[in-house]
Amino acid sequence: METLFIPLDYDYFDWQGKNYLRIIGRNEKGKRLCVIDKFNPYLWAILKKGVSEEKIKNLIQKIEKINIKGSTRITTIKKVEVKDKRFLGKQVKALKIFITNYKDAHPVADELDFPEIDARRGYDVPLLTKYIIESGFVPLKWHKIKGRLLNGTLEFGGIDRIDVDECYEAEKIEEAEEQAFHPRILAFDIEAGEFGIGKGEILMVSLVGKNFKKVLSWKKCPENLDYVECFKDEADMLETFVKYVREFSPDVLVGYFSDGFDMPYLRARAEKNKVRLALGLDNRQPTFARGRIPSASIAGIVHIDIFRFIDSVYSQYLTSETLGLNDVASELLGEGKKDFDAFEHVKNKKQEWQEFFEYNLQDSVLTYKLAEKLWPDMLEFSKIIQEPLFEITRSSMSQHVEAFILHHLERYNEIEEKRPLHDEIGERRQREKYEGAFVFQPTPGLYENLAIFDFTSMHASIIVSHNISKTTLLEKKEKDCYESPELELEGRKRKFYFSKKPGFFPSLLGEIVELRKKYKKEFKEQPDPIKKARSNAYKLLANAYYGYTGFFGARYYSVESAASTLAFVRKFNKWTIEKVSEQGYKVIFGDTDSVGFKLSGKTKEQTLKFLEKLNSELPGIMELELEGFYKRGIWVKKRTGDFGAKKKYALIDEQGKLKVRGFETVRRDWCPLARQLQNKVLQAILEDGNEKKALELIKETIKKIKNREVNKKDIMIRTQLKKPLDEYKSITPHVIAARKIKEKGLPIDLGMLLEYFIAETRGKKKLVREKVKLPDEKGEYNIKYYLERQILPAVENIIEVFNVNGKEIINGKKQMKLLDF
DNA sequence: GTTAAGGCCATACC
DNA sequence: ACCGGTATGGCCTTAAC
């Protein structure tokens, strides 16, 4: 039998002591199929240099006798082969040791304690990763499967007795031509009576798919909402939820924060009600893998918590201030959550059931739309990294980088390095920090006609151009090698040297950068979401690569590499600043990979020509590009000290578009009133080149504050709770806000955004925290606080740029003047 | 009781 | 534990008077 197949969900099982894979996917007609494949696990024993043939033979005989006896299986050595391999870039002889069950790879490695063996590797890569590398059966690409149709016999212990159309035992798997694939997506969301997992009842569950929307409820039966279905109790509702999911037969079941909330809640309530949450195609209940956030997985269906993908990968593209469903959906879909206070409804037993149902449905609608919108990104990430969707949507960027490397080592005949052990991680984390990038000290002022140059993927291009990595690092200087600038590490000045023989680590990064360029070009020529996602995925990967070298959990961790890369970053940034100055431009700012300067009478054409010249002097694939030309820009004084603040500026381009960095405008822990005013002030100043209109704007706002005409939502300050409430050494306003919420009986979650305002208070209260009130608390805003601690700080150093006697203003009269308006 | 320095804390830039 | 160094600035805590 032969069929086309796209693999979606990977799982493994044991049969007669051996590992098998069960892969669920679809054929080209949309039928759901299952493929059973064998797996031949092995690990590596890297031999010491110069071990004789004779000794190797003896060693192999000893190894072949190893067996691991467990309660359910005995793992033995199937065969041992001698191979010429590379390890950390060096040529080695290694034994490829095939074993019967990968779950015992670790104990087998422990047994390989022979004097001829230098190192043991390849026992700590996750089984699925190992399988995909070996089989080439990569996720989300079409394959042609030749195999035997299984028919529900007990051949594999009945593993094929699952809810699929057909199940094959694979005999041959080969890649097939690409074609479009549209997954069946089903989104879900629950509403519960209490926030604590399982503490309250699940009041309703919504489900949204293509041409499918339902709200399941048991608390209330509305007459006029056709999508609401009513049940006699919670258990009945949960059973129907399971039934509907099974009937819809989704490839992807998606929630928003469902790993952390919906799934564990469903599990807890199902247990309580003695309902089996048999969502898996094999009728199993969801399982929860351990981890910082437990990942809920369903056999045969890819459960995606879209929040986790956004959190670890996609958030870099977002400007929303929180990663909550409302903010993210508003930004990506232009549509937010329904305005409804579910907590109020439950707590005060309100009877706004219609609104509640709509609210619940809308959450699933948004989750569904987000999943559709982000599908190209998840798809491309999965195809590029070659890891299954489930893993892709839950991994950090460093894990993505590492997985990408692991999946491409075979091309370099390279044996994988091991994961650092607990003690090693500890040591790495404790080691002294190394010096970072260079930031140019700006001079405060308003400047006209500016240009900004920046390096494209600077860290990546430095690593590639200087062949920097753990495995290309030389012990000492050689005749022809790359030499890092002098840097300080562990208290002494030193340099590092890297071989000119291309290493797999920088080479792979070189490929990533190349592919990024290629797909970016393709996207520009003929834009579509897939091309965009592909180009973005490579870009993200390239940018995360440097961070990976300095990440303590990395297999290819290398402080020397990270420190050297940064030394080059500093060198090239300063080099650019110098060159630009020498050419007669006035440099205004510079940070890490960018330099901004005044055109100083030169034309754009001259500047672009000069850019070309600079590029001809850069090594390897390093490249400077024009970030943009700007009409005006403003830099302000630091609040403490009499010099320009770094990482704080605002620019306006020729189209009048504002670009604000670092100012309160872009800081979410300032009230909207101050932020909006500052933004308007910056806009006015940069448009007109003078402060007249700005002063008017400030005057207006001050008047509004004094007359108590400011909207309440505009004075709210939002601050994130970054650690458990009782760990705070300093009791700041937002800690008070959190305590107040706790007193109300609401949950305090790590990472939640606390909202509060500063109110007028009676009596002698000096500290800000004593005036904190929650949004729904009664009280008037504190005029003095908002004038002096929000509005004034947000605008005073901006308008100060226009005053010749700048120093006097900050200490004296103008402050008073401003407030006297 | 007041005040300045130092530390804690959140957030931004790249 | 899940990229990390550079940087700003508010507010609290502490120590000194």
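Since the structure is predicted, the reported quantities are computational estimates derived from the model, not experimental observations. Labels below follow one simple rule: chain letters A, B, ... track the order of the sequence lines, proteins then strands, and each chain is numbered from 1.
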Sugar-phosphate only, base, or nothing, as touched by Ala544(A) at under 4.0 Å among non-hydrogen atoms = nothing
Can you tell me how far C1' of dC12(C) sits from CD1 of Ile731(A), to the nearest Å?
-> 9 Å
Any side-chain donor-acceptor pair under 3.5 Å between Arg668(A) and Gln720(A)?
-> yes
Would you tell me if any nitrogen or oxygen in the side chain of Arg419(A) comes within less than 4.0 Å of OP1 or OP2 on dC2(C)?
-> no
Starting from P on dC12(C), measure out to CZ on Arg739(A) and report it in whole angstrom.
-> 12 Å
Which class fits the ring pair Tyr447(A) and Trp635(A): parallel under 30°, tilted 30 to 60°, perpendicular over 60°?
-> perpendicular
Classify the ring geometry between His734(A) and Tyr728(A) as parallel (under 30°), tilted (30 to 60°) or perpendicular (over 60°).
-> perpendicular
Give one of base, sugar-phosphate or nothing for Tyr557(A), where a contact means two heavy atoms less than 4.0 Å apart.
-> nothing
With 3.5 Å as the limit, what N/O pairs link the protein to nucleotides 14-17 of chain C?
none

Specify the separation, in whole Å, of atom CZ of Arg290(A) and atom P of dC2(C).
-> 18 Å
Rounded distance in Å between the P positions of dA1(C) and dT11(B) | 22 Å
Have a look at Phe438(A) and say if it touches a base, only the backbone sugar-phosphate, or nothing, with a 4.0 Å heavy-atom cut-off.
-> nothing
Nearest-nucleotide check on DNA chain C, Gln441(A) vs Gly553(A); residue mapping nearer the 5' end is Gly553(A)
How are the rings of Phe589(A) and Tyr649(A) set to each other: parallel, tilted or perpendicular (split at 30° and 60°)?
-> tilted
Who are the side-chain hydrogen bond (donor to acceptor under 3.5 Å, both in side chains) partners of Arg494(A), not counting sequence neighbours?
-> Glu490(A)
Checking Lys740(A) side chain against Val772(A) main chain: does a donor-acceptor pair fall under 3.5 Å?
-> yes
Row check, Phe438(A) ring normal vs Lys574(A) NZ/CZ: under 6.0 Å, within 45° = yes
Sub-3.5 Å donor-acceptor pair from the side chain of Asp259(A) to the main-chain atoms of Ala296(A), do we have one?
-> yes
Quick one: Glu402(A) CD to dA1(C) C1', roughly how many Å, whole number?
-> 13 Å
Pair Glu424(A) + Arg428(A), salt bridge at N-O below 4.0 Å = yes
Once you round it to whole Å, what is the distance between P of dT6(C) and CD of Glu435(A)?
-> 6 Å
Could you encode protein contacts along nucleotides 4-14 of chain B as a string, one character per nucleotide from 5' to 3', using B for base contact, S for sugar-phosphate-only contact and - for no contact, with a heavy-atom cut-off of under 4.0 Å?
-> ----SSBBSBS
Across the strands shown, which category fits Leu566(A) at heavy-atom distances under 4.0 angstrom: base, sugar-phosphate, nothing?
-> nothing
d(CZ, Arg429(A); C1', dG4(C)) in whole Å | 12 Å
Taking the side chain as C-beta and beyond, is there a heavy-atom pair between Phe404(A) and Tyr548(A) under 4.5 Å?
-> no
Between dG4(C) atom P and Tyr434(A) atom OH, what is the distance in whole Å?
-> 7 Å
Rounding to a whole Å, what distance do you find between Leu421(A):CG and dA1(C):C1'?
-> 15 Å
Counting side-chain heavy atoms from CB outward, which of dG5(C), dA1(C), dC12(C) is closest to Leu767(A)?
-> dC12(C)
State which of dA1(C), dC11(C), dT8(C) makes the closest approach to the side chain of Lys646(A).
-> dT8(C)
Is there a side-chain polar atom (N or O) of Tyr785(A) under 4.0 Å from OP1 or OP2 of dC11(C)?
-> yes
The side chain of Lys433(A) lies closest to which of these nucleotides: dT6(C), dG5(C), dT13(C)?
-> dG5(C)
Side chain of Pro793(A) only, please: which of dC11(C), dA1(C), dG10(C) is the nearest?
-> dG10(C)
